[in-house]
Amino acid sequence: MEDNLFVMEGLDFFKRNWKKYIFGFILSLILIFGLFYYGMRSSQNEKSLNQDKNYTFSFILENKDGYIFSKNEMIKEIFASEYVKSHSESSPEDVIEAVTVTYTDNNGKMVVETPNKAIAESFYTFLEEASSRFFIDKRAYVLSEKVEMSKEKVFEGISKKKIILYGLLLVIFTFVFGTILASVSEKRNKKISQKFTLKDSDEIIDVTILRKESNEEIQTKLTNLINNPPVNKIVVMKDQTYLDAGKLNDSVYVTDSLDKIETLTFVPELVIIICEKNSTEKIWFGYQKELAKNYSDKVNCIYI
């Protein structure tokens, strides 16, 4: 029963705040698109670094024992030194600055990129001929048939894993943003709209399901609930529409506010505060909770 009431309360919370969840969905969608755009731009920037309008080719370099030579910066320096021997107008520093040699761990391939066609072709010949002393104990395998112009990266679409990931993020962000917005709205609401507001009570009796019945039926059931168990108690209810005072036990004292009690003919063992959903004000409930401490250590709430 309690689980069903919890589910009903949750559904009611969503119904009251569905617009907040739609707004949360829009915020989430913007955030997801932002993440996607940032990831795509970062990927493109990484892949196209020094690649726009560049001349490029690839090769593999092995040591004499068959192990891949992976020192890409060293091969740049060796080539720059060889290049300036026949191009005195250039300095090794200028050549090194103009050339990018990228080593890929997955296949041992090195990719050469430079905006200078003459340097690219010279580097290609340097590797293809392998006449330098540097190649005495090494072997170069030029993978490209010739020096080519680097091609613009084509968008290859989004993988299924990324689609699933973005979908999950969209659901999570929508729930988080929607709940935050709804909670802020609920907190600003001056009236009690959910039983969680009563959480500090010793016992919460949720009878909101009775609201579907007639006033007479509500009066009967609520009166029976208050009369049992038959102990001395104070019942506080601001609007007593749902109470039939004439059918309450003599051990029950009814008031619309605890600050109006002057004398009691008994010592109360229990204080019951009755709160009406979307009607009882939070400030009134908080005030009654504080006053109730003066009458009994046990304070229950009936949420209707």
Side-chain angles (χ1 to χ4, degrees), residues 1-42 157-215 218 221-222 225 236-242 256-257 272-290 292 299-304:
M1 179 67 178
E2 191 65 29
D3 291 339
N4 291 335
L5 289 174
F6 181 82
V7 172
M8 290 171 60
E9 193 74 20
L11 291 174
D12 187 59
F13 177 84
F14 179 78
K15 288 178 182 178
R16 289 196 310 273
N17 298 284
W18 63 271
K19 291 182 179 179
K20 310 295 189 307
Y21 281 93
I22 289 179
F23 189 62
F25 173 77
I26 295 172
L27 287 178
S28 302
L29 208 56
I30 294 172
L31 180 59
I32 292 297
F33 273 116
L35 290 173
F36 170 72
Y37 178 76
Y38 176 78
M40 186 175 66
R41 286 300 298 263
S42 298
I158 311 174
S159 66
K160 290 183 179 179
K161 288 184 178 179
K162 283 190 176 181
I163 292 175
I164 295 173
L165 175 62
Y166 285 132
L168 288 174
L169 288 176
L170 182 61
V171 172
I172 293 171
F173 288 153
T174 298
F175 177 77
V176 171
F177 290 150
T179 302
I180 290 174
L181 292 171
S183 297
V184 171
S185 177
E186 290 284 340
K187 190 172 183 179
R188 295 175 62 182
N189 186 3
K190 295 181 180 181
K191 295 182 179 180
I192 296 174
S193 58
Q194 53 184 338
K195 70 177 181 180
F196 303 113
T197 310
L198 317 175
K199 60 185 178 181
D200 295 330
S201 306
D202 293 311
E203 183 180 356
I204 303 172
I205 304 171
D206 190 332
V207 292
T208 50
I209 195 171
L210 294 180
R211 296 173 71 94
K212 298 179 180 180
E213 301 181 10
S214 65
N215 284 357
I218 293 174
K221 293 180 180 180
L222 193 58
L225 184 62
V236 191
M237 189 175 189
K238 192 170 186 179
D239 182 2
Q240 299 177 14
T241 304
Y242 296 135
D256 59 1
S257 181
I272 298 176
I273 303 175
I274 302 177
C275 295
E276 292 184 63
K277 184 176 183 178
N278 298 324
S279 178
T280 302
E281 295 180 348
K282 292 178 181 178
I283 191 169
W284 178 87
F285 171 72
Y287 182 53
Q288 300 306 315
K289 278 292 295 293
E290 287 299 316
V299 180
N300 291 350
C301 287
I302 295 178
Y303 185 50
I304 184 169

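All values reported here derive from a predicted model rather than from experimental measurement.
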**Q** Once rounded to the nearest 0.5 Å, what's the spacing between atom CD1 of Ile273 and atom CD1 of Ile204?
**A**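 With rounding to 0.5 Å, CD1 (Ile273) is 11.0 Å from CD1 (Ile204).
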**Q** Val236 versus Ile272: any side-chain heavy-atom pair under 4.5 Å?
**A**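 SC-SC contact between Val236 and Ile272 ruled out.
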**Q** So, taking the atom named CZ in Arg211 and the one named OH in Tyr242, what distance separates them when rounded to the nearest 0.5 Å?
**A** 5.0 Å
**Q** Nearest 0.5 Å, please: how far is CG in Leu29 from CG in Leu169?
**A**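 Spacing of CG (Leu169) from CG (Leu29) equals 12.0 Å.
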**Q** Using a 4.5 Å cut-off on heavy atoms from C-beta on, say whether the side chain of Asn278 contacts that of Ile192.
**A**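 In short, these two side chains do not touch, never coming nearer than 4.5 Å.
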**Q** Could you give the distance from CG (Asp239) to OG (Ser279), rounded to the nearest 0.5 Å?
**A**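 Nearest 0.5 Å value for the CG-OG distance: 6.0 Å.
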**Q** Would you call Ile302 and Cys275 a side-chain contact if the rule is heavy atoms closer than 4.5 Å?
**A**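 The answer is no; the side chains never approach within 4.5 Å.
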**Q** Quick one, Leu198 with Tyr303, criterion side-chain contact (heavy atoms from CB on, under 4.5 Å). Give me CA distance, side-chain angles, the key distance, then yes/no.
**A** CA-CA 9 Å; Leu198 317 175; Tyr303 185 50; 3.8 Å; yes
**Q** Could you state the interatomic distance from CG (Leu168) to CD1 (Ile32), rounded to the nearest 0.5 Å?
**A** 9.5 Å
**Q** How long is the gap from NZ on Lys289 to SG on Cys301, to the nearest 0.5 Å?
**A** 5.5 Å
**Q** With sequence neighbours left out, what residues match Tyr21 under side chain to side chain donor-acceptor pair (under 3.5 Å)?
**A**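 Only Thr179 meet the side chain to side chain donor-acceptor pair (under 3.5 Å) criterion with Tyr21.
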**Q** Let me know which of Val207, Thr208, Asp206 forms a side-chain contact (heavy atoms from CB on, under 4.5 Å) with Leu210.
**A**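 Exactly one candidate clears the test, Val207.
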**Q** List the residues meeting side chain to side chain donor-acceptor pair (under 3.5 Å) with Asp256, not counting sequence neighbours, and say none if there are none.
**A** Lys260
**Q** Quick one: are Lys277 and Lys191 in side-chain contact, heavy atoms under 4.5 Å?
**A**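 Not in contact.
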**Q** Are Glu276 and Lys238 within salt-bridge range, i.e. N to O under 4.0 Å?
**A**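 So Glu276 does not pair with Lys238 through a salt bridge.
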**Q** Mind checking side-chain contact (heavy atoms from CB on, under 4.5 Å) for Ser28 and listing every partner two or more places apart, or none if nothing turns up?
**A** Leu170, Phe173, Thr174, Phe177
